[in-house]
Structure formats: structure tokens, C-alpha cells
Amino acid sequence: MSIAQNISEIKSKIDINKVKLVAVTKNHSVPAMVEAIAAGITAVGENRVQEMMAKHPEIQAAGKLVEWHLIGHLQTNKVRQAVPLADLIHSVDSEHLAVEIDKTAGKCNKRQDILLQVNVADEDSKFGVELGQALPLAKQISQLAHIRLCGLMTIAPYADDPETLRPVFRELHTLFGELKALNLANTDIKWLSMGMTNDYQVAVEEGANLVRIGTGIFGSRKY
Ligand SMILES: *Cc1c(COP(=O)(O)O)cnc(C)c1O
């Protein structure tokens, strides 16, 4: 199937008025991205700052306007490069990183939208703050005036049967409600980023309103 057909297939499975579809473009070419944007994609997700920096000017040169989402782990030494380009950073998981983002955003005269990445399943292999530490971290981050905390993100464990991940998504949705109810300063809690190619339908059923899909749009990645 073509990229456009894949996109319309995904759009037929989610309510596109309520769920934002971010096309995960890591390891995919600029022409493939341009094709996706022509087929209606309005937001792209990259997981490496370097790759985002390389593609950003090319997409602009092609005359394409999209939101850029940084979805991969962010090292503090890459913050200076990431902040000017990223519309939303999904992967904030420490106060230290948030402070760096805040400093850089201040210098750029920008309010940086971010999400907290939560390691719901508590996997050793995953970045993200532990479930129990997420609200305390949100409170610390809400002190930072150049950051706007917009919600939560998780990467679920891999599972052959996505149905088994339902409790993971449900837990993050509950935490999302608790975070909203805190009404913290410098926040606008509106995005619950969960769901990838294998599990997005379950994630959306459990309250996701932003899904990050790569393989389902572009096919498998060549590394
Ligand atoms: C690669 C990646 C995705 C997309 O994964 P697919 O299975 O290809 O849809 C989503 N989120 C993050 C954080 C990723 O790194």
C-alpha cells in the first residue's frame, strides 16, 4: 500500500477530530515525509535531534509546514539544538533536563511545550520517570516559566497481543486525570501521547489523544 493509503487506513480507525496523528519519520527519507505531508500529515516525530536538524531545513525548502515533535530520549547537551526546532518535546523525564530546556527556551524567547515521559511498566530498558514520581516532577517543572507542561507520554512494552497492554494505558490515563486536577501553574494539560503501530487502537480506547505511528505509515525502517 502507498503512504497515502496507509494514512487513510489509520484515519479510518481513529476519530481524527479527537486524536492527533503524529507520523514518526525517523530513518525515513525526506521524499517519504513530503509524500506523507501531501497526504494530510500535519505533525512529524523524530527521535534524534541530529536527524531533526538535518531534515528541518529540507522540509522547509520543500515549502512544507508541519509541527515537529521530538519523541526520543533527549540528552542535556542536545537541548540547545532541540529547542529552536521542536514544537513539542515528548521525552522529559528529569528536573535536570527540564531546567536546561527552560534556560534555553528563555534565551530563544520561547515557551517550550513538553510532555513528561512516564515508564508505566517500570522497564529497566526504558527512559521515563516512574509512575509514582511523575506528579512530584510535574510540580517541580511547573515552577519553570519558559516551559509549558502539556501532558504525558509513554512507550508501552512490546507485546504480540496489544490487548495485554490495556492496563498500562489505563494507568497513564488515570495519572493524566490526576495531573489535570492539580491545576498547576505553567501547564495546559491536554495531550496524552500513547500508542504506536502495534497498539494504537487499544491506546485510543483507553484515552490517548495523540498517537505516534511510524511503521504503519511508512513500512518497516531500514537501519
Ligand atoms: C519509533 C517510535 C515510534 C513509532 O513506532 P512504530 O512501531 O514504527 O509505529 C513511536 N514512538 C517512539 C518514541 C518511537 O521511538
Side-chain angles (χ1 to χ4, degrees), residues 1-14 16 19-29 32-33 35-37 39 41-55 66-75 78 82 85-94 97 113-129 134 150-165 168-169 172 191-223:
M1 280 210 293
S2 70
I3 287 173
Q5 283 169 325
N6 289 339
I7 291 169
S8 57
E9 161 116 10
I10 293 162
K11 284 186 173 176
S12 73
K13 291 184 180 150
I14 57 181
I16 214 68
V19 181
K20 186 193 282 271
L21 171 58
V22 175
V24 175
T25 49
K26 64 181 183 205
N27 291 82
H28 292 292
S29 69
M33 291 172 74
E35 204 178 322
I37 295 164
I41 288 297
T42 58
V44 296
E46 288 287 340
N47 72 340
R48 288 171 52 239
V49 176
Q50 221 62 37
E51 193 170 337
M52 184 166 77
M53 284 175 70
K55 286 170 169 176
V66 277
E67 289 175 20
W68 291 79
H69 291 222
L70 186 64
I71 61 176
H73 176 64
L74 177 58
Q75 291 171 298
K78 296 276 166 57
L85 301 181
D87 294 294
L88 182 63
I89 300 175
H90 291 227
S91 48
V92 177
D93 60 0
S94 72
L97 176 59
D113 286 350
I114 66 155
L115 306 179
L116 284 191
Q117 180 175 352
V118 184
N119 187 354
V120 180
D122 202 15
E123 290 178 283
D124 290 343
S125 60
K126 293 263 161 68
F127 293 104
V129 62
C150 298
L152 301 173
M153 177 273 229
T154 198
I155 305 172
Y158 180 79
D160 284 328
D161 179 5
E163 194 55 43
T164 62
L165 300 172
V168 171
F169 298 133
L172 197 64
W191 295 122
L192 183 56
S193 168
M194 52 187 198
M196 313 181 1
T197 298
N198 276 325
D199 56 21
Y200 73 90
Q201 291 182 76
V202 178
V204 167
E205 284 166 15
E206 294 301 331
N209 63 3
L210 190 166
V211 293
R212 312 175 306 264
I213 300 186
T215 309
I217 293 176
F218 298 105
S220 56
R221 287 177 288 274
K222 296 175 196 73
Y223 288 93

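Whatever order the structure lists ligands and atoms in, that order sets their numbers, starting from 1. Quick note: numbers below take in every heavy atom, side chains included, and nothing from hydrogens, waters or symmetry partners.
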Query raised in the report: How does I155 reach ligand 1, by side chain, by backbone, by both or by neither, if only non-hydrogen atoms under 4.0 Å count?
Result: side chain
Report task. Consider only side-chain N and O atoms of Y158 and D160, and report whether a donor and an acceptor are under 3.5 Å apart. Result -> yes
Requested in this report: Heavy atoms only: give me the nearest E51-N27 pair and the separation to one decimal.
Outcome: OE2-N, 2.7 Å
Query raised in the report: Just checking, any donor-acceptor pair under 3.5 angstrom between side chains of T42 and E67?
Result: no
**Report entry** Per atom 11 (N) of ligand 1, closest listed option by heavy atom (R48, E46, H69, R212)
**Finding:** R212
Query raised in the report: Are H90 and ligand 1 in contact, using a heavy-atom cut-off of under 4.0 Å?
Result: no
**Report entry** Nitrogen or oxygen atoms of M196 and ligand 1 under 3.5 Å apart
**Finding:** no
Query raised in the report: Looking only at heavy atoms, what is the nearest atom pair of L116 and A134, with distance?
Result: CD1-O, 3.6 Å
Query - H28 backbone acceptor or donor facing T25 side chain under 3.5 Å - result: no
Report task. Examine N198 against ligand 1 and note whether any of their N/O atoms are separated by less than 3.5 Å. Result -> no
Report task. Hey, can you tell me if H73 and F127 have their rings parallel, tilted or perpendicular (30° and 60° cut-offs)? Result -> parallel
Requested in this report: Show which atoms of ligand 1 fall inside a sub-4.0 Å distance from at least one heavy-atom site of G214.
Outcome: 4 (C), 6 (P), 8 (O), 9 (O)
Query raised in the report: Which atoms of ligand 1 have any heavy atom of T215 under 4.0 Å away?
Result: 6 (P), 7 (O), 8 (O), 9 (O)
Requested in this report: Check each atom of ligand 1 against the heavy atoms of I213 and keep those under 4.0 Å away; list them by number with element.
Outcome: 9 (O)
